[in-house]
Each structure stands twice: as C-alpha cells, then as structure tokens.
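Counting convention: from 1, in listed order, for ligands and their atoms alike.
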Amino acid sequence: MSDRNTPRSHAKPACRATLSRRTLRWYQPVLVVAIATFGVLAYAQDTAAPRTATTTTAAIASANALATEAGFETLAQGGNAVDAAIAVATSLSVVQPEASGLGGGFLALIHDAATGKDTFIDAREMAPQAVREADYRKADGTPNRDTSLHGPLAAGIPGMPAGLAYMAGKYGKVPLAVSLRPAIRLADKGFHPSSPLVRSIGREAEVLRRYPASAGKFFPGGKAPQTTDIFRDPGQAATLKAIAERGADGFYKGAVAKELVRAVKASGGTWTLADLASYQAKERSPIELTYAGYKIVTAPPPSSGGVALAEMLNILAPIDLKSMDEAHRIHYLVEAMRRAFRDHNEYLGDPDFVKMPLDMLLSPYYADGLRQSILPEQATKSAWLPSVHAKDPGMHTTHYSIIDKDGNMVSMTATVNTTLGSGFVAGKTGVLLNNEMDDFALVSGQPNAFGLIGGSANAPVGGKRMLSSMTPSFVIGKDRLAVIGSPGGSTIITQVFEGILAFIDGKNAGEITAQKRIHHQFMPDRVDIESGSDIPADVLAKLKAMGYEINDKDSWGNMNVVVWDKTTNVKSAASDPRNPNGLGKVETIH
Ligand code: DON
C-alpha cells in the first residue's frame, strides 16, 4: 500500500498525547470511570502509548479514541454492543471522515449472546439507477480515473444510515437519539483533528477545493485545519440530528434527501430521490467454516472477503504449516492467496444480481483441487492461471471490534473507499460522499484503485452493490475467541487471514495487530512484504529462488481486534501499532 494513507508512524519518534488543563479537568474522571465501570478502550496513540487494554466487562477497539469513548458512553446509557457500534460508527463519521461515514457504507457481523445467533448486516452502497459505464471512460475508451474516484459520479447511494437504523431497530437496546448523541456533540462542539485527518485534507486539497461545500467543511475560514484547531461540522450535526429523530427516513427522505440530490445533480451526478428512497440495508447469513478446530464466522457477498478466506483456509486445512521452514510456510500462504484472488476477480459480485458458484468455492473438495496445483518447491505463475493486471492503491477505511459485558459482539468494517472518498460534500448536509463506484469493474479487465480486476459479475448496474473486500470476522474456539477485521482494500482479506492464523497459533490481541504482513492478490504477480518485516534474508532468498517476485511495501492496515479468553473471562482490546499518532489525543471540547 502506498504511504498516501497509511503513515509510517511506527518508524517515527513518539509524539506524546497532551491534555489541555481544561480538558484534563473535565475529562480525566470520566475516562477513569468509563474504564472502571464499563470496560476498556484500546486505541493507538503514539509509539509509546499502550495499544492493548484488558477487562472482564466490555471491550472496544477502534481507530480513534473519541469514537471508542463514544461507544463506552452508549454502553453506560444502557446500550449493548450493537448500540456501541452505532455510536462508534457515527463518531468516526465526524472525527475520522477520511475513512468512513454517513456518506459511505459498512458490513457488520453481529453475535447475539441471548440466542447464540450470528448475523450479517449489508449496508454496502449501491449504484444509482442512471449509472452509465460511459461516464467512467475517456473518449479513447481508457478508464477515467477522475470520474471513478472524485466528485458525485464516483459515489454510490450510501448505506450507512440505513444500516445503522436497521441494527438499532432489530438488535439494539437504546434509540438512535441516545447512540447518536456523542457524534452529534462532537460535530456541534468540535474536536481537535487527528494528524491523519490533517494529512488527508492536505493530500486531497485539490479535489476538496473543487467543490464549495467540501472546501467549506474541510478548510474552515479558507485554511487547512491543524491538530491544535477546533474542528466543527455543523452540517453533519444537523444531518445526524435528522437521523436521530426520524431514523433512516431522516436521511433517505425529506429535507436531507432533497439536499443530497440537489447537490449531486448540480455537480454532474445522477442520483434521484427514488434512488435514495429505495435503498435498503439487508440482513444476510454469514459464511461459516471450521479451521483447526475453530469456527470462523465471516462476511458473505457482496463482500469477497469471506469467500476468499474460506478458500485460503480450506486449501491450507490439511497442511501442517508448523512443521515447515519459514520460506515454505510463506510459499503455501501465498499460493493459497493467489488462488483465492483469482476466483475473487472471476466470480464474485452482488448476490442479488449475479449467480455465483458459492457451493463450489466454499467446498473443501474444490480446495483439494486447488491445493493439488501448488508446486511444493516453486511459485505458480499467475499467468498460468487465467487472468489480468493491477497497480498500487491509495486508500482508507476503518474497522471496529466490540464485545459487551453480556457477550454480544460486533465486528464492523465501514468505508468511504479511498481517503476522504469522492472529496464531494453534498451541499448543506455536511455529508462527505464515498467513491465506492470504483469498487465496481467499471471498465472490464482494468484494475481499480486496489489493483483488483473484475468482469461481468461485478459490472455496474443500477441498484447493484459493488463487490467489497471488507471481511469483518469472528474466530470462535473452545476457550478463546477473537473479533477481527481491518481496512486495507484488497489487503483486508489477507490481513484478516494472517490475523486468524496468528490467533489460532495462540498470539494475543496486541501481537495479532502488530505482526508484519504479506500479501498476494493474483495480479500483480508478486508477493508484497511489509517494510521492516523480520523475515530473514535467507528466507527471502529461498522465496526468490522458488520464483517469487518480492516487493517491499510500506506498512498497511489499521487492524482493531478484541480477544476474549473464556477461561479467565479476560477481554483484550488492541489497536494496530501502525495507527498513527494523533488518534489517541484524548481531548474533547465541551
Ligand atoms: O469495500 C472495499 O473493499 C473497499 N472500498 C475498501 C477500501 C479500503 O479498505 C481502503 N483502506 N484502507
């Protein structure tokens, strides 16, 4: 992953979080009470700050301390893990808009402790009815990266507000008016923007300045905000209040919907009121499989993540990875990744629009065949298997993992796609729209921002959801379980895969988030190895001798994991140490 969005904070000197006197006075007792009474929070603050916290009550791991606290505040109001997830999601929409928000979508797994049921909420964006592939092509037929990534044509109809309202109504305990309270307060009163937000605004300045409402929101008073400034978002506060009062209708119908459509149309987009009114969050059955005695519960289509994860784990199931030297272990992991991504590109899309051979893809017998094709001492060339090409992405998204005191669990990944989505804020709504249309195969055979290539299964059609790599998952063993997920575009799938293997190997939450990552996605045909990886030179040499192209890649991901040891009832929440400084700046404005 390029360093566009994933700062190398772990390589930088620690930047200490500071508390202003005023904030400290107000804040410290509340934070202590929250931790003592309701559980723990984990957030990455700086290289010196703790990133793992333990509790026997409730645990939340998110990418931003203010959002984590919002989750605890909602638990304190009588909410459960689902309500806490709603508070985290809406607070992140305010404080981490570069990664997710009301103008985007999410995929979430929910575990209901009372019934033991696991379910999946699909709040993925969908294409507007008037979508036209020609809008994403230049006159010479080549992809138009500007329309697919910037401005309103890049935006799918948002799923987040509908998904949150659905979750609250069916699985939550408190009304949206309670779970949205922290986000409304943050938007109204303001907060100190994190350094990643400040950097993201700087990086996307040219696009943001194209649109008056985006410039107004992200350059208050005409100036780029600094981490010491107070950043307010009155437009989004008003939209959040409309949702708090009227649920999904507060966004998809009435004044907010009219303003969304007006603003989108005025800047060349095609959304209609009917597109908004027809959006529905969908509840689907998760994918389940077993690996090494653990039950894995994960995301079904329109995510490709769960299918790919199942293929990789099924391929590896009979292989004794522990007895292998490191080069061969990596070899088998990479070959499993290669084969899963080939199928990802080929078959997967919105289950309501395409027929997918899921029985085949999820079958251990299919995996047996794929395993047979792995050469024990040599890299398979992707070109020997049918397919296509790719390039480096720039990206952003966010994942949170929550377990409440009753054992309800939420694993939720939310996104506006790349950093600050389309860069387009829709008029007075304050809502920053996603650029998720780029996750469709807009021009068949051409890579998207993550180098993923698709065909007809993921072609854009009005009302269809674009394929996602988001892979919120649960890993459930006899004595231990993990709630896991990450941002990272196509690398989400391999990060979760490696995280699951680490958990099954006995690693703790902090170790899982910190471990160095490898990635292969079929095309480009190369193994990405995270910069600073501790893989020894002789292992890399062996891999090269097997035929692998090794690519040193800047750090990627922002994983947030909760591990629950049932033998001790200890829950450990850990945030990714790659998560940069600034996030944990525990300050808020009241
Ligand atoms: O749904 C997807 O697969 C992408 N829109 C996710 C983007 C992402 O993870 C960017 N991350 N850092």
Enumerate donor-acceptor pairs with a distance under 3.5 Å from any side-chain N or O in residues 299-308 to protein atoms, sequence neighbours excluded.
unit_1, atom_1, unit_2, atom_2, d
Ser303, OG, Gly305, N, 2.8
Ser303, OG, Met470, O, 2.6
Ser304, OG, His344, NE2, 2.8
Ser304, OG, Ser468, O, 2.9

Exercise. Hey, is Met466 one of the residues with a heavy atom under 4.0 angstrom from ligand 1?
Worked result: no
Note: ligand 1 atoms sitting under 4.0 Å from heavy atoms of Met470 are 1 (O), 3 (O)
Are any of the N or O atoms of Gly489 closer than 3.5 Å to those of ligand 1? yes
Margin query: Side chains of Thr513 and Asp576 only: does a donor on one sit below 3.5 Å from an acceptor on the other?
Written below: no
Open item on the list: For His399 and Ser401, which I'm curious about, is there any donor-acceptor pair between the side chains at under 3.5 Å?
Closed with: yes
Going by the 4.0 angstrom heavy-atom rule, the piece of Asn558 near ligand 1 is neither
Counting from 1 in the order shown, the ligand 1 atoms closer than 4.0 Å to a non-hydrogen atom of Ile492 are 9 (O)
**Prompt:** Do His519 and Phe341 have ring centroids that are under 6.0 Å from one another?
**Reply:** yes
Numbered in order shown, the ligand 1 atoms found under 4.0 Å of a heavy atom of Ser469 are 1 (O), 2 (C), 3 (O)
Presence of salt bridge, Asp122 and Arg465, under 4.0 angstrom
yes
Q: Could you tell me whether Lys138 and Asp146 have a side-chain N and a carboxylate O separated by less than 4.0 Å?
A: no
| message | Gly488 versus ligand 1: do any nitrogen or oxygen atoms come within less than 3.5 Å of each other? | response | yes
Honestly, for Thr397 the part within reach of ligand 1 (heavy atoms, under 4.0 Å) is both
Going by the 4.0 angstrom heavy-atom rule, the piece of Arg124 near ligand 1 is side chain
Can Asp528 and Arg517 be counted as an ion pair, charged N to O under 4.0 angstrom? no
